[in-house]
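Order of the sequence lines fixes the chain letters, A, B, ..., with proteins taken first and strands second; residue numbering starts at 1 for each chain.
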2 protein chains.
Amino acid sequence: MTADTAAIREPGRSASVFVAGVDRLARPHALPRAPCSTCHLRHCCVPAGLSPAQVEGLDRLPFSRRRVQLGGTLYEPGDVFKCLYAVRNGMFKSCVTLEDGRQQVTGFHLPGELLGLDGVATGRYASSATALEDSEICAIPYADLRTTSSADLELQGAIARLMSREIVREHSLMLMLGSMSAEERLAAFLLSLSTRMKVRGFSPIEFHLRMSRADIGSFLGLKLETVSRTFTSLVRQRLLHVDKKHVRILDLHLLRSALDMRTSPLRAAGPHGDGRRR
Amino acid sequence: MTADTAAIREPGRSASVFVAGVDRLARPHALPRAPCSTCHLRHCCVPAGLSPAQVEGLDRLPFSRRRVQLGGTLYEPGDVFKCLYAVRNGMFKSCVTLEDGRQQVTGFHLPGELLGLDGVATGRYASSATALEDSEICAIPYADLRTTSSADLELQGAIARLMSREIVREHSLMLMLGSMSAEERLAAFLLSLSTRMKVRGFSPIEFHLRMSRADIGSFLGLKLETVSRTFTSLVRQRLLHVDKKHVRILDLHLLRSALDMRTSPLRAAGPHGDGRRR
DNA sequence: CGGAAAATTGACTTTCTTCAAAGCTTGTGG
DNA sequence: CCACAAGCTTTGAAGAAAGTCAATTTTCCG
């Protein structure tokens, strides 16, 4: 079974009729191969930090490139885990679901970022990955990745580092969810986006938010109304320009400082206030 | 450099004088080796799910066993990453810290659970690990683990699964922090402990909480007063007995249902309420 | 026993959510 | 091209949940 048969679902089709791995025989969205060694994302994707020889090893992996249209999913919770997915362009969100139907967005994914690591644990994905706009991905068959890396200690190490980085990332999300006010959360979210956009060669101070306010709220542990209000509050503080989904950060430095000392601008050097909000 | 020189800090000693890896030449807390193959925790620790042959491979690793007293740390943020630590007995907490001093407990660790995976990403730990009682750990030198596993595809896979499991675990914590009320969070916390205690052969309905209310609060994204109030609320609902740090769950099933339908007992089958709280 | 730390409880405040209404966007079809 | 419906987004007012501050009580340990 190769990556070519992995299910990529399209919006509007009933999810329940799918069984991962048996759909998409025709694979109308397949695109020509794009080797890692010449990919414009190689500095911020899986190959980052690897030697040219190792990247050539990656090139030999039978991974495939595909289009996914807005609303389409790469996988859903419970699907058999076969591939890791690297975003080539566009944007995705990851969601986890509780038995009772509660959902939470656990991340937004820019080009070069890796999706599906949660499937390694049990052999089935624990979350879903949904395209927030028409996108392209590389599907990397995990079995093949393992085979290739078994011969290469460095590559093994790189994969381990990728997983560990995901753990660290989630640590900081927990910190955000557990100890920040609404305003701090939104600021942290925008700053994180800003940094990641910059790394990818986009403007760090101006970008389109592909996701809805509800998605942002779910990610930040807030209601969509609160997200909306917090946006207008940041705009009133002259930290942002917001026009619908388009955001411009007026002062990155100031926004960053909104993370430390909130509300009143005078408490930066307070000796013993620990800065915690709720 | 072997695991024997890894720093384990003791409470009361100044953290700043330590440099990871150069302390503890005398290693007064070293204990005799305890091979995985005969360890009573092998069903719920690193060796879980491995074949006898692979466990023998683990036995050959130069890992060391040590005591850590209450308040001692295995590592602190920024320490050079050398070892993974498996809890042998006792209990630990993990904390992450923000630049401004904000802290958050990211997990509590029971015997058989693994600590330090966040160090793989950058070669330095991103969090701290502190003993909540006098404990014992196995220190597994990561470099040696890599060497051993490079020859063994199965063992490699097992390690990857451990890391992925951590990612999944953190997903569910995010869900908790992002979408649960105080009562649900505390119930989820106790149920998680209950399950993990049971796996380890302890009573699933009765246990000592080694951590303070403040630690629980930090972990759950609540203030310690709220934790205290929520405990008394659960006691009044006859779901728990709480005597100081000793907790007895009166009805596991009922407590579990406190996660779905809260507050008013009548909303279990509501057709379109999505169940979200805050 | 005594003092320090941890936990509980109460009163009050703040923040965020909930509910509701209205304004914008976007896309579709006459 | 315009009208209109559907889906987001914004905004307001009221309510609920958790935080803050403060006073006590309990526990822990030397």
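- With sequence neighbours excluded, the residues that form a side-chain contact (heavy atoms from CB on, under 4.5 Å) with A/Ile205 are A/Ser203, A/Ile249, A/Leu252.
- B/Glu184 has its CD atom 14 Å from the C1' atom of C/dT17, to the nearest Å.
- Following rounding to the nearest Å, A/Leu209 (CG) and D/dT9 (C1') show an atom-to-atom distance of 13 Å.
- Of all heavy-atom pairs spanning A/Val87 and A/Leu110, the tightest one is CB-O, 3.4 Å.
- Residue A/Lys223 contributes atom NZ, which lies 10 Å from atom P of C/dC19 at whole-angstrom precision.
- The CE-C1' distance, from B/Met211 to C/dA6, rounds to 15 Å in whole Å.
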Worksheet, complete the sentence: Contact string for nucleotides 22-30 of chain D, one letter per nucleotide 5' to 3', B = base within protein heavy-atom range under 4.0 Å, S = sugar-phosphate only, - = neither, reads -----S---

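- Rounded to an integer number of Å, the gap from A/Leu224 CG to C/dC16 C1' is 13 Å.
- Contacts classified as salt bridge (charged side-chain N to carboxylate O under 4.0 Å, His left out) and involving residues 208-217 of chain B (residues at least two apart or in different chains) are given here: B/Lys93-B/Asp215, B/Glu133-B/Arg210.
- With C/dC16, D/dT20, D/dC8 as the choices, the nucleotide that has an atom nearest any side-chain atom of A/Ala182 turns out to be C/dC16.
- Distance A/Asp215 CG to D/dT9 C1': 14 Å, rounded to the nearest Å.
- Sorted by first and then second residue, the pairs that involve residues 188-207 of chain A and meet salt bridge (charged side-chain N to carboxylate O under 4.0 Å, His left out), not counting sequence neighbours, are A/Glu113-A/Arg196, A/Glu113-A/Arg200, A/Glu206-A/Arg248.
- Phosphate contact (OP1/OP2 of C/dT8, side-chain N/O of B/Ser228, threshold under 4.0 Å): present.
- Residue A/Arg229 has its side chain nearest to D/dT11 when only D/dT11, D/dT20, D/dA18 are considered.
- With axes fitted over five pairs at each extremity, the angle between the ends of the helix from C/dC1-D/dG30 to C/dG30-D/dC1 is 40° (10° resolution).
- With sequence neighbours excluded, the residues forming a side-chain hydrogen bond (donor to acceptor under 3.5 Å, both in side chains) with A/Glu170 are B/His171, listed by chain and number.
- A/Ile216 CD1 to A/Phe189 CZ: the interatomic distance, rounded to the nearest 0.5 Å, is 4.5 Å.
- A search for salt bridge (Lys or Arg N to Asp or Glu O under 4.0 Å) contacts involving A/Arg229 returns nothing, not counting sequence neighbours.
- Partners of B/Thr232 according to the side-chain hydrogen bond (donor to acceptor under 3.5 Å, both in side chains) rule, which considers only residues two or more places apart in sequence or in another chain, do not exist here.
- Counting non-hydrogen atoms under 4.0 angstrom, A/Thr226 reaches a base of the nucleic acid.
- Side-chain N/O atoms of B/Arg213 include one lying less than 4.0 angstrom from OP1 or OP2 on C/dT8.
- Distance, A/Met180 CE to D/dA18 C1': 19 Å, rounded to whole Å.
- Legend: residues meeting ring-ring contact (aromatic ring centres under 6.0 Å, His included) with A/Phe207, ordered by chain and number and at least two apart, are absent.
- Atom CG in A/Leu222 sits about 11 Å away from atom P in C/dT18, given to the nearest Å.
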